[in-house]
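Below is one structure; the comments refer to it alone.
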Protein chains: 2
Amino acid sequence: MGQSGPAMTTVCCGAGVPCDACDARDLAVCSVLDEEELKRFSAAATTARLEAGQTLFHEGEPAEEMFSLTEGMIKLYKLLQDGRRQITGFLMAGDFLGLAFGRTYVYSAEAVTPVRLCRFRRTAFLRLLEEMPHLERNLLGRASSELAAAQEQMLLLGRKTARERLATFLLTIADRQRRGNAEPVDLLMSRSDIADYLGLTIETVSRTLSTMRRLGAIALDGTSRVYIPNREALRTIAGV
Amino acid sequence: MGQSGPAMTTVCCGAGVPCDACDARDLAVCSVLDEEELKRFSAAATTARLEAGQTLFHEGEPAEEMFSLTEGMIKLYKLLQDGRRQITGFLMAGDFLGLAFGRTYVYSAEAVTPVRLCRFRRTAFLRLLEEMPHLERNLLGRASSELAAAQEQMLLLGRKTARERLATFLLTIADRQRRGNAEPVDLLMSRSDIADYLGLTIETVSRTLSTMRRLGAIALDGTSRVYIPNREALRTIAGV
DNA sequence: CACGAAACTTGATGTGGGTCAATGAGACCC
DNA sequence: GGGTCTCATTGACCCACATCAAGTTTCGTG
């Protein structure tokens, strides 16, 4: 189920991007730091890269590092012993992951596309957190909106139909990619990932997308590009 | 669907409990404050009471107040326009609610039992937050564990069977009530609340509990008291 | 560019939990 | 102690989505 590749050992260090050239400079936690703080902050960070499909960490492992995603997409997921999987979120440039005041990670993280990240030792990061109130406030804000998103997702998983789930999903992706109304959305993740995110099977995802295409609610270009001719119409289907 | 009773107008002020006599003194956010801070903190708070079934606030309303629950149980929920409801959490003494950096509440909150709370004006609370780093750290910790709980709930809603959901739910309640293995758990909330929390219908909740009783996994005393003779066995059913 | 593997789509069939409906059991009130 | 209201349980039936099983498309590779 996509857990190919050894974990941390395969992360290549180096090839780091300096902060001013970083795609996530204005999105990530570091955006709230002043020049002096940024210097100390980046001194505490190393950079890492992962290929698509590689695992950053597994649920249950000691949470010794935290990460800021600067490029690419990562999925977070939890597994039941028999292999059933629930993807709890897709992260993009600027997102922070691994924050845990407990001892272990509460989810696994795997690259969906090739990614770059800034990596911090847990202890070092927590020290920075104490010294930089802006940083703490920013993380609290992030946690708060992640929580809101999680509650929205609970509504989806607990109460929405397959069609409503897909419509909601497509609209969320479109928003996050800040695409104009005419531009296509790029899904990046596989049908299996979408299914495990929406609490469905790949067959249902595929069938539902086909139905929506037949109805003219979306158009598909390949398996990953989706045109949404009328977002308002999709919003009606989404039940939002 | 349980939205009886007018909202804020019916909240009775007064009858406040002084901090030292407060049930939640060691659980709530105020537990991290020193004497001097607590004085300022409580000066900013008023107290409120609600009867079971009364609404504290509705999703979408301007988020002008934040609350610390000191007694009783509150449920948080979101609605779809056609009335489908998802309960996203049950809060107990010590829990904090209403934290929103956005302008509006992202969920509704309603009393399950009679409750008492400390109430803060949003602006006043945010000011206190800046002045008291302990407080901010505590809230970040809370947000972080709430997020972990939310992800656990997504796994439940997306991937678990009805039986697994109920078993998980009962074990969680048992943990939160810190009951010994022999002691019964008290559900407090209705079947309808349980159903809307677990993404099921009341009929399925009822049937599943009956089946578990027939199998000897639990015993019921009335509709609300549940004995769990063997938690390990229930844990096996829960798939955890 | 042909081959093979993986990912996706589509169809046929099955089923867990939803829906609809009736009955039962407390709780409250007079 | 009987009436009523609300909530919970139980039964019969149904359907949205899962499962099982072919195809088909895409894409990486020699």
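Lettering follows sequence order; numbering is per chain, from 1. Nothing here was measured: the structure is a model prediction, and the numbers come from that model.
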Which atom pair, heavy atoms only, marks the closest approach of T70(B) to A93(B)? O-CB, 3.4 Å
Give the ring-plane orientation class for Y107(A) versus F57(A), where under 30° counts as parallel, over 60° as perpendicular and anything between as tilted. tilted
Check against side-chain contact (heavy atoms from CB on, under 4.5 Å), L117(A) and R119(A): CA-CA 6 Å; L117(A) 343 93; R119(A) 160 197 280 175; 5.8 Å; no
Can a donor-acceptor pair under 3.5 Å be found between the side-chain atoms of E203(B) and the base atoms of dC20(C)? yes
How many Å lie between CZ on R159(A) and P on dG17(C), as a whole number? 13 Å
Rounded to the Å, how far apart are D82(B) CG and dT19(C) P? 11 Å
Whole-Å gap separating C1' (dC17(D)) and CG (D196(A)): 15 Å
Between V205(A) and R214(B), which has a closest nucleotide on DNA chain D that is more 5'? R214(B)
Contact class for S210(B) vs. all strands (heavy atom < 4.0 Å): base, sugar-phosphate, or nothing? sugar-phosphate
Taken to the nearest 0.5 Å, the spacing of L155(B) CG from K78(A) NZ works out to 6.5 Å
Check this one for me: any side-chain N or O of T201(A) less than 4.0 Å away from OP1 or OP2 of dA18(D)? yes
Separation of dA6(C) C1' from D193(A) CG (nearest whole Å): 14 Å
Just to be sure I understand the rule, does T161(B) reach a base, reach only the sugar-phosphate, or reach nothing, if contact means heavy atoms closer than 4.0 Å? sugar-phosphate
For R85(A) and D193(A), what are the C-alpha separation, side-chain angles and deciding distance, and is it a side-chain contact (heavy atoms from CB on, under 4.5 Å)? CA-CA 9 Å; R85(A) 181 177 70 157; D193(A) 285 347; 3.0 Å; yes
Compute the angle between the rotation axes at the two ends of the helix from dC1(C)-dG30(D) to dC30(C)-dG1(D), each taken over five pairs, rounded to 10 degrees. 40°
If you assign R213(A) and G222(B) each to the DNA chain C nucleotide with the nearest heavy atom, which residue ends up on the more 5' nucleotide? R213(A)
Contact class for T223(A) (heavy atom, under 4.0 Å): base, sugar-phosphate, or nothing? sugar-phosphate
Counting the atoms with a prime plus P, OP1 and OP2 as sugar-phosphate, which does L209(A) contact under 4.0 Å by heavy atoms, base, sugar-phosphate, or nothing? nothing
Base of dT19(C) paired with side chain of R207(B) (donor-acceptor, under 3.5 Å): yes
Residues of residues 164-174 of chain B with any non-hydrogen atom less than 4.0 angstrom from an atom of DNA chain C: list those, numerically ordered, please. none
Shortest non-hydrogen contact from E164(B) to T168(B)? O-OG1, 2.7 Å
Exercise: do D186(A) and S224(A) side chains pair donor with acceptor under 3.5 Å: yes
Quick check on dG18(C): is either OP1 or OP2 less than 4.0 Å from any side-chain nitrogen or oxygen of T204(B)? yes
Roughly how many Å is it from CD1 in I202(B) to P in dA22(C), rounded to a whole number? 16 Å
Starting from C1' on dA8(D), measure out to CE on M212(B) and report it in whole angstrom. 17 Å
M154(A) and Q153(B) have their tightest heavy-atom pair at SD-CG, 3.7 Å
Does R163(B) contact dG16(C) through a side-chain donor or acceptor facing the base, at a distance under 3.5 Å? no
Rounded to whole Å, please give me the gap between CE in M189(B) and C1' in dA8(D). 16 Å
Gap between atoms CG and P, on L187(B) and dT9(D) respectively (whole Å): 10 Å
Donor-acceptor pair (no angle test) under 3.5 Å: R191(A) side chain, dT26(D) base: no
Using side-chain contact (heavy atoms from CB on, under 4.5 Å), reason through M212(A) and L234(A) one step at a time and then give a plain yes or no. CA-CA 9 Å; M212(A) 290 168 91; L234(A) 207 54; 3.4 Å; yes
Please answer whether the main-chain N or O of S144(A) pairs with a side-chain N or O of E146(B) as donor and acceptor at a distance below 3.5 Å. no
